[in-house]
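Structure, as structure tokens:
If you're wondering where the values come from, they're calculated on a predicted model, not measured in any experiment. The chain is numbered in sequence order, starting from 1.
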Amino acid sequence: MTYIVNDNCIACKYTDCVEVCPVDCFYEGENMLVIHPDECIDCGVCEPECPADAIRPDTEPDMEKWVEFNRKYSEMWPVIITKKDPLPGAEEMDGKPGKLDLFSEAPGEGG
């Protein structure tokens, strides 16, 4: 089992989760984070830290696409281990439907 980040993270990008991860398996894109599914040790400490409820276990229904999504971008983006400010307007974007349309493939800064 692994945890994944889903589209609830897009345009919010809260980073509370990265500081608690014991294996540094979070990767930063321009407007969201992902988890490398092969590096995640299934400890679950990140899930309750996410204010947007964007971190879910891959055992939930229909998570296969998110596992592959997380895998793809974790191999393209830099690792992030330091908490940063969320994106401007994160509170307003939290929970909005259709956020996948806002997704950017561009990498973040990492750090």
Side-chain angles (χ1 to χ4, degrees):
M1 187 173 114
T2 186
Y3 283 82
I4 57 87
V5 180
N6 63 30
D7 54 340
N8 289 344
C9 184
I10 298 171
C12 292
K13 199 167 86 170
Y14 292 103
T15 56
D16 306 65
C17 52
V18 302
E19 284 194 322
V20 299
C21 180
V23 293
D24 302 335
C25 64
F26 281 88
Y27 292 80
E28 182 184 18
E30 180 179 35
N31 68 352
M32 81 173 290
L33 304 175
V34 292
I35 294 172
H36 195 301
D38 297 334
E39 295 173 2
C40 177
I41 60 170
D42 185 32
C43 68
V45 296
C46 60
E47 185 180 19
E49 297 298 319
C50 181
D53 194 31
I55 300 173
R56 310 300 310 155
D58 72 344
T59 54
E60 291 185 357
D62 302 318
M63 286 294 154
E64 297 82 13
K65 69 178 181 182
W66 288 110
V67 171
E68 291 313 310
F69 182 96
N70 277 247
R71 182 184 316 283
K72 176 181 178 179
Y73 292 103
S74 65
E75 292 174 358
M76 297 170 55
W77 294 344
V79 69
I80 178 172
I81 59 172
T82 307
K83 184 176 176 178
K84 299 179 180 182
D85 291 334
L87 293 176
E91 288 184 18
E92 293 79 31
M93 292 303 296
D94 188 358
K96 296 256 182 181
K99 289 172 51 171
L100 198 53
D101 293 339
L102 304 172
F103 173 69
S104 170
E105 290 189 348
E109 296 175 6

So do [Y] and [X] actually touch side chain to side chain, heavy atoms under 4.5 Å?
X: Tyr3; Y: Met1; value: yes
X: Val5; Y: Trp66; value: no
X: Lys99; Y: Cys12; value: yes

Could you list the donor-acceptor pairs under 3.5 angstrom formed by side chains in residues 32-48, with sequence neighbours left out?
unit_1	atom_1	unit_2	atom_2	d
His36	ND1	Asp38	N	3.1
Asp38	OD1	Arg71	NH1	2.9
Asp38	OD2	Arg71	NH1	2.7
Glu39	OE1	Tyr27	OH	2.8
Glu39	OE2	Tyr27	OH	3.0
Glu47	OE2	Arg56	NH1	3.2

Result block: side-chain N/O donor-acceptor pairs under 3.5 angstrom for residues 104-111, not counting sequence neighbours:
unit_1	atom_1	unit_2	atom_2	d
Ser104	OG	Glu30	OE1	2.4
Ser104	OG	Ala106	N	3.2
Glu105	OE2	Tyr73	OH	2.7

ILVMFWY network linking [X] to [Y], side-chain heavy atoms under 4.5 angstrom:
X: Trp77; Y: Ile81; answer: yes
X: Phe103; Y: Tyr14; answer: no
X: Leu100; Y: Met93; answer: yes

*Residues in side-chain hydrogen bond (donor to acceptor under 3.5 Å, both in side chains) contact with Lys72, at least two apart in sequence or another chain*: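 Applying side-chain hydrogen bond (donor to acceptor under 3.5 Å, both in side chains) to Lys72 gives none.
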*asked:* So, using side-chain hydrogen bond (donor to acceptor under 3.5 Å, both in side chains) as the criterion, who are the partners of Lys96 when residues are at least two apart?
replied: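 Expected list: none.
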*Apply the side chain to side chain contact (heavy atoms under 4.5 Å, CB included) test between Phe26 and each candidate in Ile55, Val20, Asn70; give the one that qualifies.*
Ile55
Euclidean distance, [Y] [atom2] relative to [X] [atom1], rounded to 0.5 Å:
X: Leu87; Y: Leu102; atom1: CG; atom2: CG; answer: 11.0 Å
X: Asp53; Y: Asp94; atom1: CG; atom2: CG; answer: 8.5 Å
X: Met63; Y: Thr2; atom1: CE; atom2: OG1; answer: 12.0 Å

*asked:* Looking at Gly29, is its backbone amide N or carbonyl O close enough to the side chain of Lys13 to form a donor-acceptor pair, meaning the two atoms are under 3.5 Å apart?
replied: yes
*For residues 15-25, pull every pair meeting side-chain hydrogen bond (donor to acceptor under 3.5 Å, both in side chains), keeping only residues two or more places apart or in separate chains.*
Asp16-Lys83
_Residue list, side-chain contact (heavy atoms from CB on, under 4.5 Å) with Thr82, at least two apart or on another chain_ = none
